[in-house]
Amino acid sequence: MINFWDIVIILIGSSLLGAIPLISWITYALSGKRLDNVGTGNISVAAAFYHGGKLAGIISVVSESLKGIAVVTIAHAYFPMEPAWEVIALIVLVIGRYTTTKGAGTTNVAWGLLANDPLVTICVSVIAAIGFLITRSRETIKLAVLVMFPLFVGIIHSQDLPRIIAAFALSSLIYWIYSQIPDDLNLAVEDADPESQAVMQYLSNQERIITLDDELDGEIVGAKSATLSQIKRWGYTVPKGWVLSPDDDPTILINFLQPSPLSPLLVRSSAIGEDSQQASAAGQYETILNVITKAELKQAIAQVRDSYNHPSAIEYRRRTNSKDVGMGVLIQQQIQSVFSGVAFSRDPISQQGEAVIIEAVSGSPGQIVSGKVTPEQYRVVVAGNEKLSCLQFEGNGKVPQSLIKQVAYLARRLERRYLGIPQDVEWSYDGQNLWVLQTRPITTLLPLWTRKIAAEVIPGVIHPLTWSINSPLTCGVWGEIFTIVLGERAKGLDFAKTATLHYSRAYFNASLLGEIFLAMGLPPESLEFLTRGASMTKPPLDSTLTNLPGLTRLLKRELDLEKDFKWDYRQVFIPGLTELSNVVIEQLSLDQLLSRIDLILDLLHRGTYYSILAPLSAAVRQGILGAKAEAIDNSVTPEVASLKAMRLLAVDAKQILDDNCEPEQIFSELAKTTLGQKILYDLDELIHDYGYLSEVGTDISVPTWKENPQIVKQLFVQFIQAGEVLPVNNSRPLVINLVQNRVHLKGRVTEVYSRLLAELRWTFLALEQIWLGSGVLEQEGDIFFLELDEIRQMIINLDVIVENNLSALIKHRREQFVQDSLIVQIPAVVYGYNPPHPIKPVIDPADHILLGIPASQGQIQGRVKILRSLQGANNIDKNTILVVPYTDSGWAPVLVQAGGLISEAGGKLSHGAIIAREYGIPAVMDVRGATYLLQDGQPVRIDGYKGTVEIMENN
């Protein structure tokens with residue numbers, strides 16, 4: 001029971017201890033200065049360091065640390081089972097300290113909390129230290145610590161409500177004190193003693209002189225200055241520079257700088273909105289070279305600022321919908337250029353290929369912009385990721401080839417730094433150093449559309465009907481997930497633009513997704529990390545903290561995912577699927593078929609939510625907990641479960657069949673025995689149970705196993721004929737249940753989603769049969785060349801057939817589909833809205849190593865078999881290395897027969913990778929261009945540990 005007098009002792013004792021001005025006494029004893037008469041008048045550790053010197057500061061830190069530890073220790077002695085009282089004691093200590101000495105008590109609290117709760121304190125301290133290394137902002141980290149402390153207390157001590165409340169109260173109190181008292185490191189000059197005034201005047205001037213060494217905000221000083229400051233911090237060679245925001249008085253900077261004929265300056269525009277992804281504003285504003293006096297500097301700054309209001313610049317901003325904000329100015333040391341020019345990390349004309357386009361001149365780069373000199377043109381084909389190499393060099397001129405290659409590598413590295421966004425790089429070479437003068441997005445090559453991930457989600461050539469259903473479902477649910485985090489900020493985002501079709505293939509908008517993830521406080525490549533196991537950069541800490549409430553909401557959704565799915569499974573999915581399966585589709589009218597379609601789409605919308613979050617949840621948990629892919633049990637996944645069942649049937653069948661039994665005799669021989677008849681019955685049941693699977697599980701235009709059972713029976717025969725039936729990989733280590741539970745959930749979700757898509761396909765096929773009978777459609781498959789809204793309108797009013805010239809429309813789309821199907825090599829990335837016809841990239845014939853993602857461990861040498869669809873899936877054995885454009889659930893029975901797998905698309909979590917790991921087959925995914933770089937019968941060696949494919953010489 002809590003004693004009243006114990007509380008009084010804690011409150012009064014903590015308050016009195018906080019009121020003792022030990023810092024003031026220590027500083028006066030060592031320096032003779034009274035802290036209440038100098039600077040801000042604060043009696044703080046910062047003031048002791050600033051006015052009393054290092055020794056005074058160190059002793060003050062020790063004294064305040066002991067205060068914090070003392071009150072926590074005393075409170076613990078009185079209330080050993082109530083840790084909240086230790087935090088309350090710190091609160092009272094801080095109040096006593098602030099009311100008497102105007103100190104914030106940060107040191108007291110830091111050491112007191114370490115004594116109170118070491119785990120929370122260490123966690124917050126580590127994150128704060130990392131955050132400071134990233135942001136270099138004391139104010140941001142101070143605020144972050146105040147947010148993180150009560151949050152961590154709430155997470156770690158979720159059952160201790162008094163402790164959580166006390167933690168929030170302490171953070172709120174410290175925040176309020178910070179807002180009330182100035183920092184002695186930001187003193188007002190008039191309040192300082194004479195000795196400090198000179199130092200503070202210097203610091204004050206430095207604050208008004210912004211340089212490229214600072215972390216700059218493009219919304220304040222312009223993207224050009226902000227970008228150069230960023231790449232300078234990354235370690236690139238950037239000339240020294242000073243920056244003026246639109247409202248800055250240039251007088252101090254003009255007085256500070258010393259231009260001369262030996263040290264000329266150049267003055268450049270850095271308008272707000274210039275050099276952005278939306279508008280480059282190239283050539284719209286002034287650049288003044290060879291500024292050698294202060295008078296010229298003053299005039300140049302005015303001239304650059306005036307160029308913001310040139311009629312052509314105003315018209316450009318109007319045409320590009322850019323806001324009128326203001327002109328920042330960038331002053332830099334002028335490089336004495338031997339050679340200079342511009343480099344485009346991707347060809348802005350052809351918009352494809354691996355070429356870097358470089359224009360170069362002797363002397364300054366301004367000659368290229370002026371148009372008075374025709375630059376030398378160079379084209380360098382660059383390949384590689386971390387280690388770049390030149391595969392092809394075109395162009396002749398005065399510039400050394402080695403320098404041109406160096407420029408090409410620079411452009412490509414900067415592109416990679418900016419997450420694949422093509423860059424327009426201005427460069428200069430002074431005989432020793434290669435300088436970066438500017439880099440900005442090539443706006444004509446935006447947005448970036450990527451096949452990565454999309455090639456797994458919905459692979460292959462896509463029919464209009466499939467896309468009209470999948471696109472709004474996927475984009476819409478992604479939008480809902482993003483909105484959970486972004487809240488009101490999501491209203492300005494068009495989530496329908498997150499995906500599109502090029503060459504009748506799905507592409508994701510990498511530019512938009514990057515912006516969305518950054519807005520959510522996550523690295524822009526988060527989706528690729530989660531779905532493909534790619535590397536990920538550090539998240540921006542300040543943005544992450546800003547989005548903490550939204551991310552917490554998303555975390556709650558993740559934690560509730562299994563519970564929510566179980567409820568929906570019982571209450572929604574099972575009743576819905578039961579209702580669908582109990583109806584004879586062929587007996588439904590057009591209106592009834594439309595109602596059935598709407599019912600399935602409603603179920604699919606809810607199913608899409610789980611089909612997105614379940615794999616992401618599994619990937620996040622696997623990444624955080626460090627679970628190896630080989631340790632995951634995917635037996636609940638439909639394609640794995642169906643293979644295991646088929647394998648067991650093949651084992652039983654093999655025991656009763658003669659070794660010399662011909663393939664075409666297997667079924668007739670099995671039918672002669674009771675056990676054989678049971679095996680055939682079980683095989684039919686397997687086809688019925690997994691009849692919703694198809695070659696491409698997300699494409700409703702692709703026939704299912706139920707419609708084409710012959711392919712399953714053929715694969716069953718091949719299982720029996722195999723020299724040995726492949727064992728399932730059961731020798732896996734234990735995996736954390738938190739990961740395995742999500743993987744099982746993912747498997748159950750896949751089953752529900754695939755069954756719903758199959759029901760949707762069969763409904764459209766019934767609808768097609770009605771229209772084929774009435775002459776509305778001309779041939780089977782026509783319905784898949786219509787879009788969902790068109791079908792809906794036709795059911796409601798058949799007159800739209802005449803209005804839309806239906807026959808010609810279907811014919812045109814079918815021809816386009818066939819034409820796109822003939823394109824074998826599809827670019828991994830498309831730049832802009834008008835993709836050119838794809839061409840084969842230049843490949844170094846001397847390079848016998850292809851790189852990809854290691855997906856299943858092991859090494860094997862065999863001969864290549866190119867397989868672009870399940871047709872032709874024969875004569876596959878353990879010496880076969882299958883090379884495929886993608887893998888989906890329907891490919892599973894084929895994959896297990898091969899000795900190894902190479903896929904152009906996919907990651908560690910793709911269908912092919914999962915199957916390969918289950919059956920111990922080495923696999924390498926994401927090998928770009930594998931189906932046309934390799935040839936049937938070619939010997940290769942694949943390494944599933946390193947993710948490499950080595951092309952061997954034919955014997």
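- One finds the CG atom of L788 at 11.0 Å from the OG1 atom of T466 (value rounded to the nearest 0.5 Å).
- Taking the side chain as every heavy atom from C-beta outward, R606 and F573 approach each other to under 4.5 Å.
- Residues meeting the side-chain hydrogen bond (donor to acceptor under 3.5 Å, both in side chains) test with Q592, sequence neighbours left out: S589.
- The minimum heavy-atom distance linking L851 with T948 is given by the pair CD2-CG2, 3.8 Å.
- Salt bridge annotation for R748-E751: absent, with no cationic side-chain nitrogen under 4.0 angstrom from a carboxylate oxygen.
- Counting heavy-atom neighbours within 6.0 Å of R557 CZ, excluding the residue itself, gives a total of 12 or less.
- When side chains are defined from C-beta on, E669 does not count as touching I666, because their heavy atoms never get closer than 4.5 Å.
- Between V477 and Y609, the shortest heavy-atom contact is CG1-CA, 3.6 Å.
- In this structure, CG on L599 lies 9.5 Å from CG on L604, to the nearest 0.5 angstrom.
- Side chains of L786 and F764 form no contact here, defined as non-hydrogen atoms less than 4.5 Å apart.
- Side-chain atoms of Y610 and D568 include a donor-acceptor pair closer than 3.5 Å.
- For the residue pair I881 and G899, the shortest heavy atom distance occurs at CD1-C, 4.4 Å.
- Atom CD of E780 sits in a sparse spot, with 12 or fewer heavy atoms from other residues, nucleotides or ligands closer than 6.0 Å.
- Formation of a donor-acceptor pair under 3.5 Å by the T750 side chain with backbone atoms of T637 is not found in this model.
- Scanning both residues, K644 and S635, for their nearest heavy atoms gives NZ-CB, 3.3 Å.
- E904 places a side-chain N or O within donor-acceptor distance of the main-chain N or O of A930, the cut-off being under 3.5 Å.
- Taking all atoms of both residues into account, the shortest heavy-atom contact from V636 to H744 is CG2-ND1, 3.1 Å.
- Within the 4.5 Å cutoff, no side-chain heavy atoms of T608 are placed close to those of H605.
- Under the side-chain contact (heavy atoms from CB on, under 4.5 Å) rule, V864 has a single partner from I951, T931, L882, V940, which is V940.
- Between D682 and K678 there is a salt bridge, since at least one side-chain N of the basic residue sits less than 4.0 Å from a carboxylate O of the acidic one.
- Inter-residue side-chain proximity for V749 and L613 is flagged as unmet; no heavy-atom pair is nearer than 4.5 Å.
- Under the 3.5 Å distance criterion, the side-chain polar atoms of D936 are matched with a main-chain donor or acceptor of I866.
- Contact annotation: the side chain of L616 never approaches that of I481 to less than 4.5 Å [non-hydrogen atoms, C-beta and beyond].
- What you find for E707 and W762 is that their closest heavy atoms are OE2-NE1, 2.9 Å.
- Formation of a donor-acceptor pair under 3.5 Å by the R761 side chain with backbone atoms of S701 is found in this model.
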Exercise. Run the numbers on S642 and E639 for side-chain hydrogen bond (donor to acceptor under 3.5 Å, both in side chains), then give the verdict.
Key: CA-CA 5 Å; S642 63; E639 55 263 40; over 6 Å; no
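- Defined by atom type and a distance below 3.5 Å, a donor-acceptor pair is missing between the side-chain atoms of T674 and Q677.
- Remark: side-chain polar atoms of K878 are paired, donor with acceptor, to backbone N or O of A898 under 3.5 angstrom.
- When each of L934, I902, V924 is tested with L850 by the rule side-chain contact (heavy atoms from CB on, under 4.5 Å), just one qualifies, namely L934.
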Inset, instruction - Show your working on side chain to side chain contact (heavy atoms under 4.5 Å, CB included) between L593 and I585 and close with a plain yes or no. - result: CA-CA 8 Å; L593 287 172; I585 306 177; 3.8 Å; yes
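- Side-chain atoms of N470 do not come within 3.5 Å of backbone N or O of I458 as any donor-acceptor pair.
- Within a 6.0 Å sphere centred on OH of Y569, heavy atoms belonging to other residues, nucleotides or ligands number 12 at most.
- In this structure, CG on L670 lies 4.5 Å from CG on L657, to the nearest 0.5 angstrom.
- Atom CD of E562 sits about 6.0 Å away from atom CZ of R742, to the nearest 0.5 Å.
- Judged by distance alone, with hydrogens and angles left aside, the side-chain atoms of E768 form a donor-acceptor pair with the main-chain N or O of G781 at under 3.5 Å.
- The shortest side-chain heavy-atom distance between R451 and Y503 does not fall under the 4.5 Å cut-off.
- From I783, atom CD1 reaches atom CD of Q769 across 9.5 Å, with rounding to the nearest 0.5 Å.
- At least one donor-acceptor pair under 3.5 Å links the side chain of R505 to the backbone N or O of D820.
- Not one N or O on the side chain of S504 forms a donor-acceptor pair closer than 3.5 Å with the backbone of V461.
- Looking only at side-chain heavy atoms (C-beta outward), D633 and V743 stay at 4.5 Å or farther from each other.
- Under the rule for a salt bridge (charged side-chain N to carboxylate O under 4.0 Å, His left out), K713 has no partner lying at least two apart in sequence or in another chain.
- The closest donor-acceptor contact from the side chain of D782 to the backbone of Q779 lies under 3.5 Å.
- Within the structure, ring-ring contact (aromatic ring centres under 6.0 Å, His included) contacts touching residues 668-695 (residues at least two apart or in different chains) do not occur.
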